[in-house]
Amino acid sequence: MQLKIQYYALMREQAGRSEETLETSAGTPADLYDELLARYGFTLSRDQLRVAVNSEFSEWSRKLKVGDAVVFIPPVAGG
Amino acid sequence: MQLKIQYYALMREQAGRSEETLETSAGTPADLYDELLARYGFTLSRDQLRVAVNSEFSEWSRKLKVGDAVVFIPPVAGG
Amino acid sequence: MHFRFTEQAIDTQSARTELQSFSAGGYVSFEGWVRDFNEGREVTRLEYEAFQELAVKEGHGIVTEALRRFPIKHALCIHRIGSLELGDMAVWVGVSAAHRAEAFDACRFIIDEVKLRAPIWKKEHYRSGDSGWVNCERCAQAAEHPHTQHRHGRHTAPNSK
Amino acid sequence: MHFRFTEQAIDTQSARTELQSFSAGGYVSFEGWVRDFNEGREVTRLEYEAFQELAVKEGHGIVTEALRRFPIKHALCIHRIGSLELGDMAVWVGVSAAHRAEAFDACRFIIDEVKLRAPIWKKEHYRSGDSGWVNCERCAQAAEHPHTQHRHGRHTAPNSK
């Protein structure tokens with residue numbers, strides 16, 4: 001299944017890219033994060049993150065569909 | 001004894017003047033206010049006012065001295 | 001002095017520069033605007049008048065107290081006097097601080113105390129053609145809410161100097 | 001939208017005019033400034049980055065919530081992104097209301113929630129030459145004060161839409 005992933009801030013630097021389109025068998029954002037954590041060595045654990053799918057905050061257990069855009073959201077620091 | 005009195009806001013309008021130099025026998029701001037109340041018919045009672053002598057807030061029972069500058073202060077409404 | 005009067009429009013951008021500091025992370029400002037309605041009456045314009053010598057002393061004392069009570073960097077209050085139209089700015093307070101919570105608290109403290117303590121008065125002109133001196137917020141509140149305690153400023157001499 | 005991003009200096013005077021109303025008697029604004037010191041380290045500049053589409057939606061939702069919760073007239077938040085120098089304004093919030101208490105409360109609510117919930121990040125560059133992403137205020141607070149509960153935003157999907 002093809003998904004679009006965007007990376008921000010620390011995760012953008014650790015992944016070495018802002019976005020990518022990925023072929024994956026991950027069924028949920030939680031599975032997807034485990035896969036990417038292994039690939040990129042992210043230092044943030046999943047319980048430090050939130051996740052958005054198609055620009056809406058999402059549950060980690062949501063069932064992903066072809067073409068979904070996933071963004072992992074590190075702890076924020078606006079203002 | 002000669003005193004200088006300044007009037008502001010409602011009391012300025014009721015006294016018909018901004019300031020005056022007055023010859024009075026009033027020994028305290030309280031006595032002075034009673035005298036001026038009778039003269040100008042101020043609508044504010046003394047317990048609605050504060051008083052300043054020589055540009056400092058004062059007690060009503062302060063002993064006045066020659067040349068003191070007295071200001072009666074109606075309820076304020078700045079801002 | 002941390003408090004001053006002006007007879008012109010308050011220049012907030014210039015005043016704000018007096019509060020800048022590289023160690024300040026938050027800046028809070030308050031502006032009081034002339035409103036078209038007060039205590040059930042339509043207002044068309046206002047006149048502000050002050051016992052300036054004492055008001056500057058009192059206002060400066062209030063801001064100095066805020067600088068002592070709250071961990072803030074800088075604070076300033078400017079009050080306009082004279083004739084003001086609807087929408088005009090009557091008073092401005094600015095506070096800078098390392099952290100925003102203190103900037104909010106100090107800004108609110110200053111405007112609350114200035115309204116309560118500084119010898120400044122305003123006369124409202126109403127659409128109906130008449131006018132009146134707004135004697136004080138708390139008198140008005142007490143009249144509307146008779147169970148609220150009636151207070152308008154401190155009736156005893158303060159121990160500030 | 002009641003929330004927007006800019007890559008230039010925030011024009012607060014222009015933004016303020018969007019909040020004017022003859023029925024507003026009080027206006028409170030907050031500015032977040034780049035500070036030279038954070039968590040014990042000397043900062044020389046900052047970079048702000050945002051997941052803009054979601055942040056605008058979230059920020060707009062926060063201001064809309066403030067407009068519903070508090071009796072205020074208008075409210076707006078503008079956040080800057082890109083590279084900022086010491087003293088630069090990173091974020092601005094403005095609120096107008098009939099009465100000042102609500103303007104203060106709503107302004108504070110908005111900046112607190114934006115800092116907590118909007119997907120915006122900042123990287124601090126330190127005098128020592130290195131740099132780091134400020135992960136979140138509450139994480140930092142929790143690290144400094146281990147007995148404080150560690151929270152950084154809401155980890156479940158919000159029920160706002």
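Just so we're on the same page: letters track the sequence lines, and every chain starts at 1. Hydrogens, waters and symmetry mates are skipped; everything else that's a heavy atom, side chains included, is used. These numbers come from a predicted model, not from an experiment.
Both the backbone and the side chain of A:A9 come within less than 4.5 Å of a heavy atom of chain D. For D:A50, the part lying near chain A is the backbone, with the side chain staying farther off; criterion is any non-hydrogen pair under 4.5 Å. For chain D, no part of A:R62 is nearby; none of its heavy atoms comes within less than 4.5 Å. Contacts of D:F51 with chain A are made by both backbone and side-chain atoms, with heavy-atom separations under 4.5 Å.
Annotation: residues 84-98 of chain D contacts chain A through D:A90, D:V91 [non-hydrogen atoms, separation under 4.5 Å].
Here the straight-line distance linking atom OG of D:S21 with atom CD1 of D:I72 works out to 12.0 Å at 0.5 Å rounding. Between atom CZ of residue D:F37 and atom CZ of residue D:R127 there is a gap of 10.0 Å, rounded to the nearest 0.5 Å.
For the pair A:T28 and A:L64, the tightest heavy-atom approach, listed with the atom from each and the gap, is C-CD1, 3.5 Å.
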Task: Check against side-chain hydrogen bond (donor to acceptor under 3.5 Å, both in side chains), D:S29 and D:R16 - done: CA-CA 9 Å; D:S29 70; D:R16 174 184 176 282; over 6 Å; no

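Note on ring orientation: taking the six-membered ring where Trp is involved, the planes of A:Y40 and A:F42 are tilted (angle from 30° to 60°). Ring planes of A:Y33 and A:W60: perpendicular class, angle over 60° (limits at 30 and 60°).
A cation-pi arrangement, defined by a distance under 6.0 Å to the six-membered ring centre and an angle within 45 degrees of its axis, is absent between A:R12 and A:Y7. Annotation: cation-pi pair A:R50/A:F72 absent, no NZ/CZ under 6.0 Å from the ring centroid and within 45° of its normal.
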